[in-house]
Amino acid sequence: MRIIFATHNKNKMKEIRQILGDVTEDIVAKSELGIDFEPVETGKTFAENAELKASGIRSYMLAHGMLEDDDIIMSDDSGLCVNYMLGMPGIYSARYLGEDTSYDIKNARIIHELRFAEGEERAAHFACSICAVFADGRVFHTEGKFEGLIAKEPKGTNGFGYDPILYLPEYGKTSAELTAEEKNSMSHRGKALRAMRELLKRVIGEDREKGINSGAFSEKKEGSGLVRPFQTALIVSDSHRKDDNLKDVLKRLGMIDYLIHLGDSEGTEHMIKQYAGDGVECYFVQGNNDFFTELPREQVITLGKHKCFLTHGHYYGVGMDLTQLTEEARARGCDIAMFGHTHRPYLREINGVTCINPGSISYPRQSDRRPSYMVVDVSEEGELTYHQVYLKLH
Ligand code: ITT
């Protein structure tokens with residue numbers, strides 16, 4: 001297993017290697033792999049920016065054939081949030097007063113902004129959000145905070161950036177007066193990294209318990225000798241009357257138990273059922289392009305131990321965010337929500353609901369533009385294992 005960290009900051013790499021060293025020794029900065037791609041940070045939160053960086057690098061690696069099955073791409077976003085300044089500079093910490101402005105000037109300006117603030121009014125914290133994106137697309141986040149007060153004057157020469165103005169009353173020092181070890185043991189990044197270390201150990205442990213290696217959701221390789229699970233479901237979406245890929249996939253997979261189509265089959269559902277063959281339980285839902293159809297708008301089905309809410313997703317604004325979708329799934333007693341519509345593969349747990357989008361089997365829109373589908377294996381105990389599969393581009 002390899003961790004690729006999306007940073008230019010050498011100090012960060014040292015801390016990352018120290019803290020994540022017992023997850024894997026193979027930890028590299030993206031530049032060490034020759035990746036000079038810089039995802040644009042357009043997010044509104046630290047977490048969004050961290051995810052944009054990590055998933056951007058994953059897409060880049062995928063498109064350049066550099067991604068290995070058990071790679072984990074990681075990134076962080078951090079900054080100083082000053083209460084009196086309504087959380088500023090926050091996600092703009094590096095760009096505050098201009099990227100090239102010295103920290104002496106930035107720090108002096110913040111102290112000036114707080115000239116009328118006293119005591120607790122001077123509260124501020126460093127925040128750090130770390131995001132890990134697995135090669136298979138799973139996304140995990142952790143956070144850490146480092147709280148203090150804005151000092152009345154800058155002090156200390158250790159650290160970097162805003163360290164000289166974050167005063168820690170219980171130590172009587174600023175962050176820039178701490179040794180590197182002292183700071184790492186209590187800093188926002190240290191906390192978020194340690195939380196990520198524990199999270200990764202748990203996830204990787206669970207994957208192993210399920211009898212799968214760390215590429216748990218990786219592509220199913222033909223002839224990989226996988227033992228046939230108790231039941232298998234093929235999940236597809238957005239075929240839009242172009243069914244050749246779906247036909248090939250059904251042929252390749254051989255025996256399946258369920259076929260789930262999450263909308264926009266555009267009238268070819270009878271053909272698709274025929275391709276799937278007798279004995280396959282087929283579930284279809286309406287998409288926003290399924291006009292004059294008798295397909296149900298949504299369905300709730302059971303897979304193993306789990307209840308799944310099937311919907312195309314356009315009524316829940318899935319292109320924007322998944323809050324409405326997860327609320328609806330929970331209201332219907334489902335712990336899994338399967339949707340389509342965006343033409344982008346997705347697999348992530350939100351508010352206790354596993355949200356799944358297999359992407360489009362015919363018209364993919366994610367950056368590498370590979371048509372995709374998902375295979376869900378159901379074990380005898382009713383547990384599910386997900387395999388996001390991509391077709392090769394011809
Ligand atoms: P990468 O994006 O390449 O990782 P960066 O240094 O720009 O490097 P961030 O975007 O995470 O890292 O940090 C944004 C800014 O927040 C950073 O430039 C500092 O001004 C401030 N900052 C973050 N952590 C800090 C810390 O521990 N001490 C002082 N300032 C910090």
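Atoms within a ligand are numbered from 1 in the order they appear, just like the ligands themselves. For this chain, numbers begin at 1 and follow the sequence in order.
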Worksheet entry | Residue shell around ligand 1, heavy atom under 4.0 angstrom |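 Shell around ligand 1 (4.0 Å, heavy atoms): T7, H8, N9, K12, K53, D76, D77, S78, G79, S93, A94, Y103, F126, F160, G161, Y162, D163, K183, H188, R189.
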Fill in: Qualifying salt bridge (Lys or Arg N to Asp or Glu O under 4.0 Å) pairs with a residue from residues 16-32, counting only residues at least two apart or across chains
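Qualifying pairs: R17-E32, D22-K201, K30-E38.
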Worksheet item: Pairs in or reaching into residues 297-325: which pass salt bridge (Lys or Arg N to Asp or Glu O under 4.0 Å), with residues at least two apart or in two chains?
Response: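 Non-adjacent pairs meeting salt bridge (Lys or Arg N to Asp or Glu O under 4.0 Å): E298-R332, K305-E383.
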Practice prompt. Output the distance between atom CG (D76) and atom CD (E15), rounded to the nearest 0.5 Å.
Written response: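 One finds 9.0 Å between CG of D76 and CD of E15.
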Worksheet item: Short question: side chain of N184, backbone of G190 - any donor-acceptor pair under 3.5 Å?
Response: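 Not confirmed, N184 side chain does not pair with G190 backbone.
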Discussion item. Checking the side chain of Q286 only, and the main-chain atoms of L295 only, is there a donor and an acceptor separated by less than 3.5 Å?
Written reply: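 Yes.
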I'd like a table of donor-acceptor pairs (distance under 3.5 Å, sequence neighbours excluded) in which one partner is a side-chain atom from residues 118-128, with atom names and distances.
residue : atom : partner : partner atom : Å
E118    : OE1  : K152    : NZ           : 2.9
E118    : OE2  : K152    : NZ           : 3.2
E121    : OE1  : E118    : N            : 2.9
R122    : NE   : I150    : O            : 2.7
R122    : NH1  : L114    : O            : 2.9
R122    : NH1  : A117    : O            : 2.9
R122    : NH2  : I150    : O            : 3.4
R122    : NH2  : A151    : O            : 3.2

